[in-house]
Each structure stands twice: as structure tokens, then as C-alpha cells.
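Below, read A as the first sequence line, B as the second, and so on, with proteins coming before strands; counting in each chain starts at 1. Heavy-atom basis, side chains included; hydrogens, waters and symmetry copies ignored. As the structure is a computational prediction, the values presented were derived from the model and not from experiment.
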Amino acid sequence: MRFAIAPEQADFVAGLRRLLAAADTPAVLRASIAGDHAPARALWARLADLGVSALAVPQRYGGLGATPVDLALAFVELGRAGVPGPAVESVAILPCLLGQVAPERLEPLLAGSVIATVAAPPLAPRAADCDAADEVYLCEAGTLSLAAVQRRERSVDRSRTLATVSATSVLGEVDAGAAIGLGFLASAAGLLGAGEAVLEQAARYATQRVQFGRPIGAFQAVKHLLADARVGLELARPVLFGGALSVGTGDEARDVSAARVCCADAAYRAARAALQVHGAIGYTAEHDLSLWLTRIRALQHAWGTQRWHRSRVLAELTG
Amino acid sequence: MRFAIAPEQADFVAGLRRLLAAADTPAVLRASIAGDHAPARALWARLADLGVSALAVPQRYGGLGATPVDLALAFVELGRAGVPGPAVESVAILPCLLGQVAPERLEPLLAGSVIATVAAPPLAPRAADCDAADEVYLCEAGTLSLAAVQRRERSVDRSRTLATVSATSVLGEVDAGAAIGLGFLASAAGLLGAGEAVLEQAARYATQRVQFGRPIGAFQAVKHLLADARVGLELARPVLFGGALSVGTGDEARDVSAARVCCADAAYRAARAALQVHGAIGYTAEHDLSLWLTRIRALQHAWGTQRWHRSRVLAELTG
Amino acid sequence: MDLDLAPDTVAFRDEVRAWLRAHVPAAALPSMDTPEGFRAHREWERTLADARLSVVSWPADLGGRDASLEQWVVFEEEYYRAAAPLRVSQNGIFLLAPTLFAHGTPEQLVRILPPMARGEQIWAQAWSEPEAGSDLAAIRSRAERTDGGWLLYGQKTWSTRATYADRGFGLFRTDLAAERHRGLTYVMFDLRAQGVTVRGIPQLDGEPGFAEIFLDGVFVPDADVIGEPGNGWRVAMSTASNERGLSLRSPGRFLAAADRLLELWRRRPEPALADRVVDAWIGARAYELHTWQTVTRLADGGELGAESSIGKLHWSQLDVALHETALDLLGADGELAGPWTAGYLFSLAGPIYAGTNEIQRNVVAERLMGMPR
Amino acid sequence: MDLDLAPDTVAFRDEVRAWLRAHVPAAALPSMDTPEGFRAHREWERTLADARLSVVSWPADLGGRDASLEQWVVFEEEYYRAAAPLRVSQNGIFLLAPTLFAHGTPEQLVRILPPMARGEQIWAQAWSEPEAGSDLAAIRSRAERTDGGWLLYGQKTWSTRATYADRGFGLFRTDLAAERHRGLTYVMFDLRAQGVTVRGIPQLDGEPGFAEIFLDGVFVPDADVIGEPGNGWRVAMSTASNERGLSLRSPGRFLAAADRLLELWRRRPEPALADRVVDAWIGARAYELHTWQTVTRLADGGELGAESSIGKLHWSQLDVALHETALDLLGADGELAGPWTAGYLFSLAGPIYAGTNEIQRNVVAERLMGMPR
């Protein structure tokens with residue numbers, strides 16, 4: 001029993017974090033909001049160089065065939081940095097789906113030259129971030145198809161575009177469970193990372209912002225708000241990796257959904273605390289915090305709601 | 001529209017509060033815990049002199065035929081003082097039930113010479129405080145009966161005794177809705193009063209107890225705990241009286257259950273805050289706070305749970 | 001004790017209800033934080049004023065109806081129930097006007113209030129500064145004495161509506177030697193005057209709902225100072241109490257939102273969320289009844305005072321919880337931009353503005369419960 | 001990264017599980033806060049010790065098995081799952097013993113620990129005083145120098161188990177001139193010695209789970225001081241960290257409670273409470289996984305440190321919420337005195353003892369997040 005990341009995993013995380021810290025992701029997100037996806041594409045290309053897009057592609061197709069733990073580690077960093085999507089879809093879900101029926105489509109995906117997204121009704125009724133994607137898929141009733149955008153809709157997170165899609169050509173029958181399970185895990189990881197990022201921003205702000213003659217972090221109300229959010233994140237992290245270790249076992253449904261519940265709750269609590277600590281400035285679109293706040297809210301509803309994941313855990317526990 | 005108590009109601013409340021403040025109710029409760037109900041009986045006799053036991057008895061039977069608002073005002077004070085039961089049963093519910101089928105049994109009840117309790121399965125499967133009562137009734141499936149204790153059980157509130165009962169002789173068919181509705185209202189009022197009492201105790205303690213060189217009430221964490229509890233109680237009070245005004249109207253079920261939900265939640269939150277403010281001393285049976293804490297928890301389950309009342313409100317709103 | 005509306009209130013309510021049914025635009029107006037939306041909302045104020053419904057609680061000679069508090073609460077309830085447009089004039093009519101009624105000169109009343117009532121002058125509040133958010137006494141913007149008036153210098157921020165509004169009001173330091181609360185003066189100024197620069201600040205939804213105001217020698221005549229110079233803190237506090245209290249957050253808003261939540265529940269029931277739905281409705285109802293209690297107290301000559309902090313803590317938390325519940329009921333659709341997400345983002349500001357909830361809890365604990373400072 | 005138990009841990013777990021199945025009393029022992037219950041629990045400690053299962057993590061020559069942390073967590077999980085009796089010796093084995101291992105002399109180890117392991121000496125903690133609850137540095141009880149030892153004077157309170165225990169341990173002021181944390185000495189003393197008066201304090205459930213201890217010239221030999229005189233604060237802090245951390249609240253306790261909650265849910269499902277039931281299980285699981293993370297870190301030579309405050313905040317709130325959920329599921333039966341109400345009342349102490357949660361939040365914010373003091 002060694003429930004800690006290995007040195008080579010820590011190295012991978014450190015490399016990823018360095019790349020992302022230098023990438024000015026807030027500017028990338030703002031460009032996406034303005035409809036300019038070129039900066040996001042450039043960032044994705046650099047992430048592909050580091051192997052991110054090849055993580056979940058099996059080795060027999062030239063990918064890294066990384067473990068779910070590695071995938072989760074990567075998504076924590078993507079979430080922390082606020083990398084625009086479609087990440088869960090392109091990196092976590094589609095490799096597993098395409099490997100089953102259209103492995104020839106994997107190569108550009110793992111190389112990062114193609115970014116793709118997928119809708120999976122009824123759980124994920126819309127394809128996310130299709131404006132930034134080269135390919136759109138539809139996975140419905142056990143069938144994977146290429147798809148075309150029907151109707152665009154806006155998300156509360158202005159850097160996301162959502163669209164209902166319809167199938168244009170059928171690729172074949174797939175077992176979607178494993179693929180979407182990886183999507184749940186990646187979604188949980190991304191939320192944890194985003195939650196950690198907003199709480200760090202809030203803690204930094206609390207030591208700098210002075211009101212009533214003291215840094216606001218000296219007030220017990222602010223301390224306790226931050227501490228409670230920290231507790232949530234600290235407890236969510238091991239549940240995330242417990243979920244990653246359960247992938248492929250009989251406990252996967254229970255443990256991955258538990259991870260998603262914990263990470264999404266902890267991230268949301270951290271976001272609320274961060275906004276309260278920042279006060280009015282956190283409410284402005286100009287402040288970077290806003291990019292994470294709306295994203296964390298939006299992702300509560302993506303790839304299964306909290307309610308859906310909770311009832312899945314309960315069914316596993318009592319079924 | 002005058003949503004405030006009238007001067008004569010304020011006088012009644014003040015008189016009741018004076019009597020109860022002088023009655024050393026903690027000692028009365030401790031005697032009840034020890035199985036000695038004589039002090040409780042003596043207190044009940046004094047309350048009867050003030051008219052409390054006659055409040056809900058119709059004037060045609062010699063009672064005061066008081067309004068539901070008056071009844072609620074009285075029960076707030078009984079709850080605040082921690083008067084042992086059976087109060088909801090003897091003062092609020094039974095007058096209305098007995099008036100329908102056995103008005104001759106009202107006279108000793110309103111005089112305070114008889115204290116009575118009642119079970120009403122499935123909502124109230126056990127008769128409360130039967131050890132302190134002279135008469136035990138069973139109201140089940142629209143029939144009111146005299147009843148005998150079958151099996152005693154302990155409550156988490158050690159001053160309450162619960163018992164399953166069985167009918168010994170049938171008194172007649174009753175419409176129990178109105179009677180039990182008054183019970184809900186009285187239960188809500190008692191909880192509000194108990195909540196106000198524990199919060200006042202906590203606020204007093206917070207100004208006296210010194211830790212780290214300051215009264216603990218100077219710490220923001222303590223202030224905010226108290227303030228949040230206070231908000232709950234302040235918002236519950238108008239809902240209680242809104243419920244009282246709705247009795248007999250088409251909104252009664254909705255508004256009385258809403259009152260019970262608000263008052264019970266606010267009281268419970270106040271109890272938890274009071275315990276946290278007191279620290280270990282609040283956890284001791286020797287401290288008076290303990291008498292209210294266990295009572296507030298017990299009463300969450302009496303005359304309808306919070307869940308039951310919430311689903312009643314929702315049914316009224318959406319049915 | 002009763003909750004029965006007076007006969008004239010019932011008549012007034014029926015009139016308001018009928019008028020709103022006939023006049024509220026079928027399609028929602030564009031956001032008032034866009035130029036075209038601001039114009040549309042300004043026109044709506046004019047429409048309201050033509051029916052003498054824009055400022056019902058004001059005296060008749062200033063454009064109102066001398067409505068009682070009871071009638072005002074009923075008006076607001078009807079207004080929100082009808083889903084009528086948000087009030088672009090709210091900073092003026094709910095924040096500035098009460099201050100003028102309490103401290104303004106007769107000349108100020110007749111000059112300022114009628115155009116406010118007709119939407120011809122839209123007012124922006126200018127309370128906060130970069131270093132004075134919750135801590136208003138830390139204000140640094142100043143007004144220097146000049147011939148016949150004052151010159152304003154400094155920076156205001158989080159100024160709601162200021163992007164498109166006509167005039168602003170706020171506190172300025174007139175005695176630089178005085179400490180914190182002292183030496184502040186309550187000033188009205190023209191947002192189009194020379195020396196004013198307004199920069200819109202986009203909110204979470206991307207629209208510039210508030211703005212920064214830079215003031216560089218902006219002239220303000222003596223006639224536009226409210227109360228005595230140096231006495232601005234006391235003058236402002238009556239406004240602040242109004243902002244936190246009855247005026248800005250009438251129960252109608254939450255009752256209407258709770259009704260929409262129940263409608264959503266009917267269409268998409270989810271048993272696991274039942275209690276949250278019920279609690280949202282109960283919370284709105286509690287705030288309504290709490291408001292009636294306050295209305296009665298004020299009608300009896302009582303003061304709003306520190307108890308307004310209790311109301312603010314309640315409605316601000318209720319509003320967030322109610323909207324979170326709606327988003328959760330919407331399931332995967334909960335992230336779609338629409339009325340529920342707009343209401344949700346708006347609700348998030350509740351625990352922050354008009355005195356953060358942390359400060360309100362201090363007020364409740366210290367002033368109402370006797371905790372040491 | 002893995003969660004696979006080592007082969008010897010699996011073997012140990014199987015042994016423990018089999019032994020517990022064979023030996024845990026079918027009927028629960030009477031409360032250890034009654035004289036007969038205390039005796040029964042003391043005997044159970046002896047039974048455990050006979051199987052060398054009373055102090056598995058201790059060295060073999062002191063009655064233990066040199067169990068690894070991994071094995072200890074597994075032992076606790078099995079122990080709670082088997083609903084085995086509460087440990088009447090827990091103050092000794094979880095609070096005092098770690099202090100002795102860190103600061104005791106070899107003589108103290110061999111004299112104190114074996115009888116502790118066999119339940120022959122039951123220890124009570126004596127931390128708090130009437131004026132020093134959360135603020136341990138405010139301790140006033142004192143130890144005066146005398147020939148060959150010390151004389152204890154003063155009063156201790158909230159002393160868990162002291163009503164029936166044999167010996168106690170705590171901090172005493174030995175240098176009256178020193179400020180707060182300084183001048184304190186860590187002392188073990190006999191609860192039956194001359195000059196000791198113990199008065200049981202009934203808890204919410206009416207049983208004397210803790211006691212006041214009055215000390216009037218109680219003699220303690222030098223051999224019963226742990227560490228250097230005057231250095232007691234530092235010595236105690238290692239115990240306090242243990243109290244808050246891994247030792248006292250093993251995840252097994254909450255996993256077992258969550259399993260019972262799920263069992264209750266199966267019998268009395270209530271859809272509106274579904275999410276609370278799930279969250280209780282997830283919370284227990286999270287604490288288990290968090291503990292495995294800590295076990296790994298400690299095995300790598302890391303320290304528990306301020307992170308133990310995170311665990312304490314989590315489990316204490318989880319425990320209350322889990323029991324509240326159970327009571328709510330029980331409906332009208334929720335007020336009946338029984339295992340769930342007993343667990344509920346016990347859980348209410350969690351946010352208070354071993355450093356209140358308010359203090360734990362300060363620790364998290366200040367030491368882990370860099371907030372100013």
C-alpha cells in the first residue's frame with residue numbers, strides 16, 4: 001500500500017504545471033470567449049508535445065496507454081490552469097470510443113492536430129466546445145457517429161459553447177461505459193484543480209487586501225471560510241485517486257462517482273468562498289477569478305450532475 | 001394589516017413569563033427526570049390559574065376559546081422556560097378532540113386538575129409524558145379512545161417518557177385534523193421559545209467566558225455563529241404567527257407546517273450554536289443548557305418530523 | 001394581529017395588477033447594462049411615471065401617490081409577480097431619494113426628484129473606492145472648496161449603473177485632517193461634467209453593470225451638497241440603512257422567484273431535491289412575513305436600525321440557495337445561459353454588496369446581541 | 001500509487017477478523033461510564049491483551065506486535081466493523097503512550113506500559129481546567145517542589161474516564177513566574193492517592209463520562225514526570241497532535257457507522273434524504289482514503305503536523321451529520337433513546353473536544369494557508 005504519487009508522476013505534473021504557468025491561460029480563455037480559438041489551439045499543441053493528448057490512447061495505437069491515475073493527475077493541472085475545452089472529450093472519452101470502431105481516427109487526435117468533442121445524450125445532451133473542435137461525435141444508444149452541429153447554445157461559462165448535434169455517418173457500435181467513466185474521472189480531476197486554483201487565489205488576496213486597517217485574512221470570518229474550503233479540497237483529493245485506482249474493478253461506478261461528487265462539491269465551495277473573500281472585485285469579468293467561478297458552476301452540470309452521481313453511488317451501495 | 005401582538009397579548013405574555021421566570025423550571029425538569037412529577041404538577045396548577053390550560057377550550061365549555069395566536073404566544077413561553085409536558089397534548093390537542101365527543105371531560109382539563117396526553121399513530125405513534133399525565137388517550141383512524149400504557153420507552157430527552165398505548169374504551173368518532181393542526185402550531189411555538197432560550201443563554205455565556213485573554217464573544221467565529229442562529233429565529237417568529245393566523249383557512253396546512261419547519265430548524269440551529277459556544281460545559285447534564293438541547297432534538301421528531309411537514313408544504317404548493 | 005390588507009390597499013393592488021397586465025412588455029427588455037437596454041429601461045420608467053406608478057410612495061406633488069408602506073410592499077409584490085422590467089432608476093429612487101427626503105432642502109426636492117421619477121435623470125451610486133469596499137470610512141476621494149462650490153478629485157468604483165447613467169452621488173472627504181468617519185461630505189455630481197471619466201467594468205455575465213468613475217477637478221455647486229459639509233457620514237447612514245433594508249429587496253422579488261421554482265419543480269420534479277424547493281418557498285414567505293412585521297413596526301413609529309442586517313443576511317442567502325436549487329433541478333440544462341443562470345449570477349452579489357454578510361453578522365452580534373467589539 | 005494491502009497485513013487482518021468474530025460479546029457491554037460497565041470494559045481489555053491485540057502497534061516486549069501503521073488502520077477498521085466494545089483504555093494507549101514513547105525514560109516505559117496494555121491500569125487525561133478549556137496555556141494547577149518529587153494543587157475538569165480510572169496525566173505549572181506556555185510540567189499521578197478528590201460530571205446522556213479532579217497536595221515522585229520539568233508544553237504537544245490526528249479517530253469508526261446508516265436506509269428509504277445518506281458514506285470513505293494518504297506520508301518519514309486539524313474538522317462534522325441523518329431517517333422513532341441517539345450525543349462532543357473546531361480552523365488558515373495571526 002503506497003497511496004502517494006510516484007516520483008516520475010510528480011515529474012510529469014511538475015512539467016505540465018511549468019508549461020501551463022507560462023501559458024497565460026487567462027488570456028487564452030479570454031480569447032476563446034471572444035471567439036478566437038487560435039491561442040487555445042496553440043496551447044493544445046504544446047500540451048500534445050508533452051503527451052497530454054496521447055495519455056488515454058492505447059499503446060497499440062501509438063498512445064501512452066497511461067493509467068487512470070496519470071490521467072487524473074493531468075486533468076487536475078488542466079483544471080487548475082483553466083485550460084479551455086474540449087479536454088474531457090478529446091483526451092479522456094474519445095480515445096476509448098474511437099479505439100473500438102475507428103482506430104484510424106486516433107492518430108491525429110493523439111498528435112494533437114485534431115481536437116474533438118462528443119455529445120452523449122441523455123447524460124451529456126450537448127457537445128461542449130464544438131467551436132474549438134475539428135470533429136464532433138455523437139455517442140447515443142451504443143452507437144458512435146460523426147455528427148454535425150444543429151443548434152448552438154450559450155453556457156454560463158462564456159468560454160464554453162454548447163451545441164445539440166445530429167449524426168451524419170455511423171461509425172459503429174461501442175461499449176460507451178468505460179469511455180464515459182474516464183470522462184467522469186477527468187471531470188472530477190478538472191474540478192479539483194479548478195477548486196485548488198481559486199482557493200489559492202483567495203488566500204493570496206486575503207493576505208494583500210487591507211480593510212479596517214488589517215489584511216482581511218487576519219479576520220477570523222475570512223480564515224474560517226478559507227479553512228472550510230481547504231478541508232473540502234484536501235478530503236476530495238484522495239477520493240479522486242481512490243476513484244482512479246478503482247477504474248476497471250467492480251467498484252468503479254461507486255468510487256468514480258464518489259470522486260466526482262467530492263471534487264465538484266469541494267470546488268464549488270472553494271469558488272463561493274473565493275468570491276466572498278474577493279468581494280466586488282471577484283464579481284467582475286476583468287478579474288481572472290471570474291473565469292474559474294463560472295467554469296466551476298458550469299461543470300457541475302457536465303458529464304452527469306451531482307444528483308446523478310450521488311444516486312449512482314447509492315445504487316451501488318444498496319443495490 | 002397589523003402584524004404585531006396587541007397590548008393585551010403582550011400583557012398576557014409578560015405575566016406568563018414572570019410566573020415561569022420565578023418557577024425554577026430547570027429544577028422542575030430535573031425532578032421529572034428523576035421520576036418525581038410533583039413539582040411539574042405544582043407548576044401546571046399555577047399555569048392553570050393563569051388560564052393556560054383553558055386557552056384552547058371553547059367558551060361554551062367554560063374555556064377561554066383563545067385564538068391560535070394566543071395559543072402560540074403561550075407555547076413560545078412554555079418552550080422558552082422548558083416546562084415539562086404533556087403540554088402540546090393537554091393544552092392544544094385534547095380540548096378540541098374531547099369537545100367533539102366527551103365535553104364532560106373538559107372541565108378538569110381546563111381547571112388544570114387533570115393533565116392528559118394522547119397518541120395519534122402513525123404520526124405520533126407514542127403518547128408523550130404519560131408518567132406525568134392523569135389520563136391517556138388514543139386517537140387513531142378517526143376514533144378517540146381512552147387508553148392504557150402498553151410499553152414505556154425512553155426519549156433522548158430524559159425528561160420525556162414515551163409509551164405505546166392501546167385503547168381501553170372508545171369515546172367516539174372525531175375529526176382529528178383541526179386538533180392536530182393546533183398541536184403542530186403549539187409544537188412550532190414551543191420550539192421557537194426553546195431556541196430563543198438557548199441562544200440567549202449562549203449570548204450571555206459568550207460575554208462572560210474568557211479564553212485567550214478576551215471574552216469569547218469578541219471572537220468573530222463566535223459572533224457569526226450566534227448571528228446566524230439569531231437570523232433563523234428572527235425569521236421563524238413571523239412564520240409562526242403567519243401560521244397561527246391561517247388556522248381555519250385554506251392555507252392552514254401549508255402555513256402551519258411551514259411554521260413548524262422554520263421554528264424547528266431555527267431552534268435546532270440555535271441549540272447547536274449554543275453547545276458550540278459553551279464548549280464542554282454545555283455537554284454536561286449538570287448545566288441547564290443540556291435540558292433544552294436534548295429537548296429540542298427530541299421535539300424534531302414529535303408531532304410530525306421536519307420531512308413530514310416539508311412534504312406537506314410541498315403538496316399544498318404543487319398539488 | 002392580522003395580515004388583512006386595508007380596503008384602499010386592495011383597491012390599489014387591483015389597479016396595479018390590471019395596469020401591469022396591460023402594460024408589461026411580453027418579451028423581456030434587453031439587459032439594462034447594454035446601451036439599447038438602458039434606453040429601453042429608461043422608456044419603461046417614463047411609461048410607469050405616466051401611470052403615476054414609478055414612485056408610488058412619494059408625495060403626489062413630486063410624482064408619487066403618497067402610498068403607505070403597506071401599499072408599497074403590495075406594489076412591489078405585484079410588480080415582481082408580473083415579471084415587469086428591472087428598475088434602471090433604482091439607485092435614485094431607493095438610495096438617493098430617501099436621503100433627500102430626510103436631509104435635502106425644499107429646492108433640492110423639487111429640482112432633483114421629478115426628473116428622477118420620470119426616468120429623465122438616471123442616478124448611479126458612487127460609494128466604494130479601490131481601498132474602501134466594505135470599509136466605507138476609508139474613503140480617499142476628496143472635494144476641495146472653490147468659489148460657489150467644490151471640486152471633486154479621486155476614484156470611485158463598483159458604481160452600479162454608472163456606465164450609462166446621468167448623475168452620481170457619494171461621499172467625498174472635505175476635511176483631510178479628520179479621521180475616518182469625520183470630514184466626509186455627501187455630494188451629487190454630473191457624470192457628463194468636465195473632468196469625469198467613466199469606465200464600465202464587465203461583471204460575471206460580461207456586461208458592464210458597474211463602472212469606475214475617475215474625477216479630476218469636477219465642479220459641483222453648493223446646491224448639490226446634501227446636508228452640512230463634513231456631516232456626510234451621518235447623512236449617508238440613513239441611505240445605507242435603506243439600501244440594506246426594506247427598499248432595495250422587497251419580498252416580491254423572492255416570492256416571484258420561489259413561484260418560478262415551484263413551476264420548474266412541477267415540470268421536472270426530483271424527490272431528492274424536494275426539501276430544498278420547499279425551503280426556498282418557505283424562506284421567501286418568511287421574508288415576506290418578516291417584512292410585514294417590520295412594516296407594522298415602522299408604521300408604529302419604530303426604526304429600521306440594525307435589524308435590517310437580519311433581513312439582508314436572510315434574503316441574500318435565500319437568493320443564492322433558491323437559484324442553486326433551480327440550476328440543480330435543471331440537470332444538464334443547468335449550465336445553459338438563461339434567466340436562471342442570470343438570476344444565479346445576480347444572487348452571488350447579494351452576500352457581498354450593501355455591506356458584506358461578514359459585516360452584517362458583526363452588526364447582528366454586536367448591536368442586537370451585545371457581543372463585545 | 002496503490003491501495004493494495006501488503007501480504008502480511010492481509011494475513012494480520014484475517015487473523016483479527018476471525019478472532020473478533022469468535023470473541024466480541026454478542027450483547028453490547030453496559031456503558032463504560034457506569035461502575036459495572038467500567039469493570040466489563042476493563043476485562044475486555046484483558047481479553048484483548050491475552051490475544052496480543054490490545055496495543056498492536058507497540059513493540060512486542062511491551063505487549064504489542066510491532067504492527068505497521070497500515071496494520072494498525074486495518075486493525076481499527078476490523079475492530080469497528082465487528083462492533084467490538086469501546087476502548088476504556090483509550091486515553092492511555094492513544095494519548096499517554098505516544099508521549100512516553102517520544103519522551104519517556106526506559107524505566108517509565110517498562111513500568112507504565114505493560115499494565116496499561118493489559119487494562120490493569122486505566123488512565124484518565126487531565127488537560128482542561130475551569131479557566132483553561134480551549135486555551136490550555138491558561139493552566140493554573142501547580143506542582144510544588146518537595147523532597148524527591150512534587151506536590152500537586154488545583155483543579156482539573158472534563159477529565160474523560162476519571163470517574164473510575166486508576167491514574168491520570170496532565171500539565172501543571174511549576175514555574176509560577178513564567179508566562180503561559182512556559183513553566184509547565186507533564187506529570188502522571190495516582191487518582192487514588194491522598195489529596196485527590198474525583199467528582200463525576202454527568203454528560204448529556206446522564207452518565208458521568210468525565211469528571212472534575214481536585215488536587216490538594218498530592219505527592220508525585222520525580223519518576224512520574226515526563227520529560228524535563230518546565231518543558232511540559234512541548235511534551236504535551238506531541239500528545240495533542242496524536243489526539244487530534246490518526247490515533248483517536250480511526251476511519252473504521254465512521255465506515256462502520258456509515259454501513260449502519262446504509263442498513264437503516266435499506267429498511268427505511270426516504271428519497272428526500274438520499275443525498276445526505278450518500279454524503280455520509282462518501283465522507284467516511286474520504287476520511288479512510290485521506291488516512292491512507294497520511295499513513296503513506298508518515299511511513300515515508302513525514303510528520304502529522306497541522307494537517308491533523310483538517311482530519312479533525314472533517315470527521316467531527318461528518319460524525320454529527322451522519323447521526324443527524326440517521327435520526328431523521330428514523331422519523332418519529334428518531335427521539336427514542338438507543339444506539340443512534342447515543343452515537344448522536346457522542347458526536348456532538350466532536351466539534352468541541354481535542355481543540356474546538358474554531359481553533360482547528362485557525363490552525364488550518366494560519367499554518368497551512370499563511371493567513372496572518
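The candidate with the highest count of non-hydrogen atom pairs below 4.5 Å against chain A, out of D:D300, D:T9, D:L313, D:L5, is D:D300. Between chain A and the options D:L3, D:V277, D:D4, D:I282, heavy-atom pairs under 4.5 Å are most frequent for D:L3. Here A:R230 is the residue among A:R230, A:Q306, A:R214, A:E234 with the most heavy-atom pairs under 4.5 Å with chain D. The most heavy-atom pairs under 4.5 Å with chain D, out of A:V222, A:T207, A:D228, come from A:D228. The greatest number of non-hydrogen atom pairs below 4.5 Å with chain A, out of D:H290, D:E358, D:E366, D:Q317, is found for D:H290. Of the residues considered (A:L317, A:V313, A:V69), A:L317 shows the highest number of contacts with chain D, using heavy-atom pairs under 4.5 Å. Between chain A and the options D:D275, D:V364, D:N357, heavy-atom pairs under 4.5 Å are most frequent for D:D275. For the options A:L226, A:V261, A:D265, A:I5, heavy-atom pairs under 4.5 Å to chain D are most numerous at A:L226.
Both the backbone and the side chain of D:W292 come within less than 4.5 Å of a heavy atom of chain A. Only the side chain of A:Q220 comes within contact range of chain D, judged by heavy atoms closer than 4.5 Å. When heavy atoms are compared at a cutoff of 4.5 Å, D:E70 approaches chain A solely by way of its side chain, counted from C-beta outward.
Rounded to the nearest 0.5 angstrom, A:L235 CG and D:R285 CZ are separated by 13.0 Å. With values rounded to the nearest 0.5 angstrom, A:R2 atom CZ is found 8.5 Å from D:D2 atom CG. Taking CE of D:M1 as the reference point, atom CE of A:M1 lies at 11.0 Å (rounded to 0.5 Å). To the nearest 0.5 Å, atom OG1 of residue A:T318 and atom CD of residue D:E263 are 10.5 Å apart. Put simply, NE2 on A:H224 and CE on D:M371 are 12.0 Å apart, with the number rounded to the nearest 0.5 Å.
For the pair D:A365 and A:A227, the tightest heavy-atom approach, listed with the atom from each and the gap, is N-CB, 4.3 Å.
A donor-acceptor contact shorter than 3.5 Å is absent between the side chain of A:K223 and the backbone of D:V363.
A 4.5 Å side-chain heavy-atom check between A:R254 and D:W281 finds at least one atom pair inside the cut-off. At least one side-chain heavy atom of D:L289 sits less than 4.5 Å from a side-chain heavy atom of A:F3.
Remark: D:E303 CD is loosely packed, at most 12 non-hydrogen atoms of other residues, nucleotides or ligands lying under 6.0 Å away. Residue D:R373 places its CZ atom among 12 or fewer non-hydrogen atoms of other residues, nucleotides or ligands, all under 6.0 Å distant.
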